[in-house]
Each structure stands twice: as C-alpha cells, then as structure tokens.
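Here is the structure we will look at.
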Amino acid sequence: MTGAAAAAAERRAIRVLLVEDEEIHRVLARALLRAAGGVVLDEAENGAEAVRRVREGGAGAGAYDLILTDRQMPVMDGHEATRQIRALGVTTPIVGLSSDSLAADVDAFIKAGADDFTPKPLSKEKLNRILAKFNLA
C-alpha cells in the first residue's frame, strides 16, 4: 500500500450535510464530494429539513463534520437554518453557498452564524479550500 493510500485508509470518513433545494446543484456537489473521497453525504432540500436532521442526528455529539447550505430555499432559508442550528449549540463548520455574493449577502450569512461563504457554483478548487480551511482534507 502506498503512503497516500495508507493515509487515505486511516482517515475517517467526513460527514457532510448538504442543504440545497436545486437538484442541479446537489448533483454537482455530490460528484465533487465523491471525487474528494472519504465523504459520507446527507442531503436536505430546505433549511427546516436541515435543522431537523441536525437535531435528530445528535448534533451535540458532532453528527456532521461540515454543513454546506444554500441561501434561498423554500420553507426555511439558509440564514434562518444557520441561526437555528447555532441555537442548538452546534459548532460544526457551516459554509454558506449562494449565487448572490455581494458583500451584504456574505455578511448576512456570517451574521447568521456561518463560518465561511463560497459563491456558487461549487468547484473542485472551492471544495478543496473549504475542506482544507476546516482541517477536513
């Protein structure tokens, strides 16, 4: 087994919650996360579903290593979902994803409790930066 293969085998799986209502963005994120390797992906199509999954998953015990959330979704948007997840005491890194990337949009995500923001579309380079920033690579 090569050094890289041994390191990959020893690395534990990264649990990611993807919160996205648009199928095309979920398909892209799925492909990128699979290509990154070692990722267990859970998906929610709106913020309310994300909050429920975090709550039911034993969030305090660290059910997820990373949460990627869209901003504009039906039922509950990403800002409100982020606020509610933080209100549960969850410290998991949350990264806002949106096509709206003006300074005010980014600031709104950060004020809601997100740790970072990345403009859509997600790319291999953006995902690698996120994983590296939170020591998940």
Side-chain angles (χ1 to χ4, degrees):
M1 186 179 291
T2 67
E10 289 179 18
R11 184 178 77 185
R12 69 176 183 81
I14 300 165
R15 294 218 41 212
V16 176
L17 175 61
L18 174 66
V19 189
E20 173 62 63
D21 64 317
E22 293 187 34
E23 179 67 19
I24 188 69
H25 291 294
R26 287 196 311 273
V27 168
L28 175 61
R30 264 186 231 125
L32 291 168
L33 288 161
R34 277 192 200 117
V39 174
V40 175
L41 182 62
D42 194 7
E43 297 179 26
E45 292 187 19
N46 63 65
E49 186 180 343
V51 172
R52 180 183 57 77
R53 286 178 185 269
V54 168
R55 189 180 293 122
E56 291 174 357
Y64 297 108
D65 299 299
L66 178 66
I67 299 171
L68 301 172
T69 182
D70 185 22
R71 180 185 67 83
Q72 188 174 337
M73 297 175 286
V75 184
M76 181 187 294
D77 70 19
H79 296 159
E80 183 58 28
T82 298
R83 279 190 283 277
Q84 289 192 25
I85 290 168
R86 290 296 185 227
L88 294 171
V90 175
T91 59
T92 299
I94 299 175
V95 177
L97 302 170
S98 181
S99 302
D100 303 321
S101 58
L102 297 173
D105 299 315
V106 175
D107 189 49
F109 248 122
I110 301 304
K111 284 183 178 175
D115 298 285
D116 200 0
F117 176 89
T118 298
K120 284 183 183 177
L122 192 59
S123 66
K124 180 180 178 181
E125 293 75 21
K126 291 175 185 176
L127 178 61
N128 287 340
R129 183 191 62 77
I130 291 166
L131 295 175
K133 179 174 183 171
F134 297 108
N135 298 314
L136 299 171

task = For side chain to side chain contact (heavy atoms under 4.5 Å, CB included), just list the numbers for R86 and R83, CA-CA rounded to whole Å, side-chain angles, deciding distance to a tenth of an Å, and then say yes or no.
result = CA-CA 5 Å; R86 290 296 185 227; R83 279 190 283 277; 5.9 Å; no

Side chain to side chain contact (heavy atoms under 4.5 Å, CB included) between L136 and V16, intermediate numbers included = CA-CA 10 Å; L136 299 171; V16 176; over 6 Å; no

task = Could you walk me through whether L17 and I67 pass the side chain to side chain contact (heavy atoms under 4.5 Å, CB included) test, one step at a time?
result = CA-CA 5 Å; L17 175 61; I67 299 171; 4.2 Å; yes

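Cluster membership check: F117 does not share its hydrophobic cluster with L97, using side-chain heavy-atom separations under 4.5 Å among Ile, Leu, Val, Met, Phe, Trp and Tyr. F134 is connected to L18 through a chain of hydrophobic side-chain contacts under 4.5 Å among Ile, Leu, Val, Met, Phe, Trp and Tyr, so both are in one cluster. The hydrophobic clustering, which links ILVMFWY residues whose side-chain heavy atoms are closer than 4.5 Å, places V19 and V75 apart.
Counting heavy atoms from C-beta on, the side chains of T118 and R129 come closer than 4.5 Å. Residues F109 and T69 have side chains in contact (heavy-atom distance under 4.5 Å, counting atoms from C-beta outward). Under the 4.5 Å side-chain criterion, counting only non-hydrogen atoms from C-beta, Q72 is not in contact with D77. Using a 4.5 Å cut-off on side-chain heavy atoms (C-beta onward), D116 and P93 make no contact.
Of all non-hydrogen atoms in G96 and A114, the two that sit nearest each other are N-CB, 4.4 Å. Residue L127 comes nearest to A36 through the heavy atom pair CD2-CB, 4.3 Å, listed as atom of the first residue, atom of the second, then distance. Nearest heavy-atom pair, A29 versus L122, reported as atom, atom and distance to 0.1 Å: CB-CD2, 4.1 Å. Closest of all the heavy-atom pairs between A50 and A44 is N-CB, 3.7 Å. Of all non-hydrogen atoms in T82 and A112, the two that sit nearest each other are CG2-O, 3.4 Å. Summarising the geometry of T92 relative to Y64, their closest heavy-atom pair is OG1-O, 3.1 Å, with the distance given to 0.1 Å.
When atom types are taken as modelled, the side chain of E49 and the backbone of E45 share a donor-acceptor pair closer than 3.5 angstrom. In this structure, K111 contributes its side chain and H79 its backbone to no donor-acceptor pair below 3.5 Å. Within the 3.5 Å criterion, the main-chain N or O of S98 finds no donor-acceptor partner in the side chain of R71. With D65 contributing its side chain and R15 its backbone, the two residues share a donor-acceptor pair below 3.5 Å.
L68 contributes atom CG, which lies 10.0 Å from atom CD of E20 (distance to the nearest 0.5 angstrom). The distance from atom CD1 of I85 to atom CD1 of I94, rounded to the nearest 0.5 Å, is 4.5 Å. A distance of 9.0 Å separates CG in L28 from CG in L33, rounded to the nearest 0.5 Å. For the atom pair CD of Q84 and CZ of R52, the computed distance is 13.5 Å after rounding to the nearest 0.5 Å. Rounding to the nearest 0.5 Å places CG of N46 at 8.0 Å from CE of M76. In this structure, L131 CG and L66 CG are separated by 6.5 Å, a value rounded to the nearest 0.5 Å.
Ion pairing between K120 and E22 fails under the 4.0 Å rule for side-chain N and carboxylate O.
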